[in-house]
Q: 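Before we start, here is the structure in question, set down as structure tokens.
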Amino acid sequence: MDISDYKKYKEIYKKLMKSEFRAKFQLNNQNKEYIKNKGINKIQNHAFEFIKTRIKPGFIKNDGKQTPIKGHPVFIAQHATATCCRGCIQKWHKFPKNKELTDEEVEYLVGLIMFWINIQMMD
């Protein structure tokens, strides 16, 4: 991640944390242990996999319900970062809802998820 990415993620992170709903999501000790055991690279791979399969397509039959609210740390991060469904992504990140995401948009979303996870791991 270069400095411009960091600034971009920090800016949206600050906005997201002003949302009472988004700010309530936190990694618990079990989530943090899972990340430590798997390694941050494996977690990032999971994030790419989840975004590519559940979020990237132009049409998602169960949009708004495709990301569980708990369980995997990436799912929690997706809710915290408004990357959980295309409706939230359109609202917060301005990517059109009924259009397949580009590779660059996927990279941005995963980068934001990992930015949030790394902040959580410092607590």
Q: Would you call Ile40 and Ile117 a side-chain contact if the rule is heavy atoms closer than 4.5 Å?
A: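 Yes, close enough: below the 4.5 Å cut-off.
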Q: Other residues, nucleotides and ligands only: do more than 12 of their heavy atoms fall within 6.0 Å of CG on Asn29?
A: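 Count not over threshold, so no.
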Q: For a quick test of reading the model, state the closest non-hydrogen atom pair linking Ile76 to Gly71 and the distance between them.
A: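 So the two residues come closest at CD1-O, 4.2 Å.
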Q: What pair of heavy atoms forms the shortest contact from Ala23 to Met17, and how long is it?
A: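 Scanning both residues completely, I find the closest heavy atoms to be CB-O, 3.5 Å.
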Q: For the residue pair Glu105 and Glu100, what are the closest heavy atoms and their distance?
A: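 Nearest pair, atom of Glu105 first, then Glu100: OE1-O, 4.3 Å.
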Q: With hydrophobic residues grouped by side-chain heavy-atom distances under 4.5 Å, do Ile43 and Ile119 end up in a single group?
A: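 Yes; Ile119 is reachable from Ile43 via cluster members.
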Q: Does anything in residues 108-121 form a side-chain hydrogen bond (donor to acceptor under 3.5 Å, both in side chains)? List the pairs, not counting sequence neighbours.
A: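 Applying side-chain hydrogen bond (donor to acceptor under 3.5 Å, both in side chains) to every pair that reaches into residues 108-121, excluding sequence neighbours, yields Gln26-Gln120, His93-Tyr108.
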Q: I would like to know whether Phe50 and Val110 meet side-chain contact (heavy atoms from CB on, under 4.5 Å); could you show each step before the answer?
A: CA-CA 9 Å; Phe50 296 153; Val110 171; over 6 Å; no
Q: Count the heavy atoms belonging to other residues, nucleotides or ligands that lie under 6.0 Å from NZ of Lys91, then report whether that count exceeds 12.
A: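 At most 12 heavy atoms, drawn from other residues, nucleotides or ligands, come within 6.0 Å of this atom.
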Q: Which heavy atom of Asn31 sits nearest to which heavy atom of Asn28, and what is that distance?
A: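 Closest heavy-atom pair between Asn31 and Asn28: N-OD1, 2.7 Å.
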Q: Minimum heavy-atom separation for Ala47 and Ile113, please, with both atom names.
A: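 Closest pair (atom of Ala47, atom of Ile113, distance): CB-CG2, 4.3 Å.
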Q: Distance check, rounded to the nearest 0.5 Å: Leu112 atom CG versus Trp92 atom CH2?
A: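 Nearest 0.5 Å value for the CG-CH2 distance: 11.0 Å.
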Q: With a 4.5 Å cut-off on side-chain heavy atoms, are Arg54 and Phe75 touching?
A: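 Counting from C-beta outward, Phe75 and Arg54 do come under 4.5 Å.
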Q: Checking the side chain of Arg86 only, and the main-chain atoms of Phe59 only, is there a donor and an acceptor separated by less than 3.5 Å?
A: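 The answer is no, because no donor-acceptor pair under 3.5 Å joins these two groups.
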Q: Answer with yes or no whether the hydrophobic clustering places Ile12 together with Val106; edges join I, L, V, M, F, W, Y residues whose side-chain heavy atoms lie under 4.5 Å apart.
A: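 Per the 4.5 Å side-chain linkage, Ile12 and Val106 are co-clustered.
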Q: Working note: Lys36 + Met121, criterion side-chain contact (heavy atoms from CB on, under 4.5 Å); need CA distance, chi angles, decisive distance, verdict.
A: CA-CA 9 Å; Lys36 287 176 190 171; Met121 294 301 288; 3.8 Å; yes
Q: Does Lys18 offer a backbone N or O that forms a donor-acceptor pair with the side chain of Glu20 under 3.5 Å?
A: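 Absent.
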Q: For residues 71-85, which residue pairs qualify under side-chain hydrogen bond (donor to acceptor under 3.5 Å, both in side chains), counting only residues two or more places apart or in two chains?
A: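 Residue pairs with at least one partner in residues 71-85: His46-His72, Thr81-Thr83.
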Q: Hey, could you give me the NZ/CD1 distance between Lys32 and Ile35, rounded to the nearest 0.5 Å?
A: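 Separation between the atoms: 8.5 Å.
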Q: Report yes if some heavy atom in the side chain of Ile55 is under 4.5 Å from a heavy atom in the side chain of Thr67; otherwise report no.
A: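 A side-chain contact under 4.5 Å exists here.
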Q: Do the side chain of Arg22 and the main chain of Leu16 share a donor and acceptor less than 3.5 angstrom apart?
A: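 Answer holds: no.
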Q: Any chance you could lay out the side-chain contact (heavy atoms from CB on, under 4.5 Å) test for Leu101 and Lys52, step after step, and finish with the verdict?
A: CA-CA 9 Å; Leu101 293 175; Lys52 285 180 180 178; over 6 Å; no
Q: Measuring from Lys97:NZ to Gln90:CD, what's the distance to the nearest 0.5 Å?
A: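 Spacing of NZ (Lys97) from CD (Gln90) equals 6.5 Å.
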Q: Counting N and O atoms only, with roles assigned by atom type, does the side chain of Asn37 sit under 3.5 Å from a partner on the main chain of Tyr34, one being a donor and the other an acceptor?
A: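 Such a contact is absent between Asn37 side chain and Tyr34 backbone.
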Q: Exactly one of Cys85, Cys84, Cys88, Pro57 should register a side-chain contact (heavy atoms from CB on, under 4.5 Å) with Asp63. Which one does?
A: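 When side-chain contact (heavy atoms from CB on, under 4.5 Å) is applied between Asp63 and each of Cys85, Cys84, Cys88, Pro57, only Cys85 qualifies.
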Q: Hey, what do you get for CD (Glu49) to CD1 (Ile51), rounding to the nearest 0.5 Å?
A: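 Result: 11.0 Å between the selected atoms.
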Q: Restricting to non-hydrogen atoms, name the atom on Tyr9 and the atom on Gly111 that form the minimum distance, rounded to 0.1 Å.
A: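 Closest approach of Tyr9 to Gly111, heavy atoms only: OH-CA, 3.3 Å.
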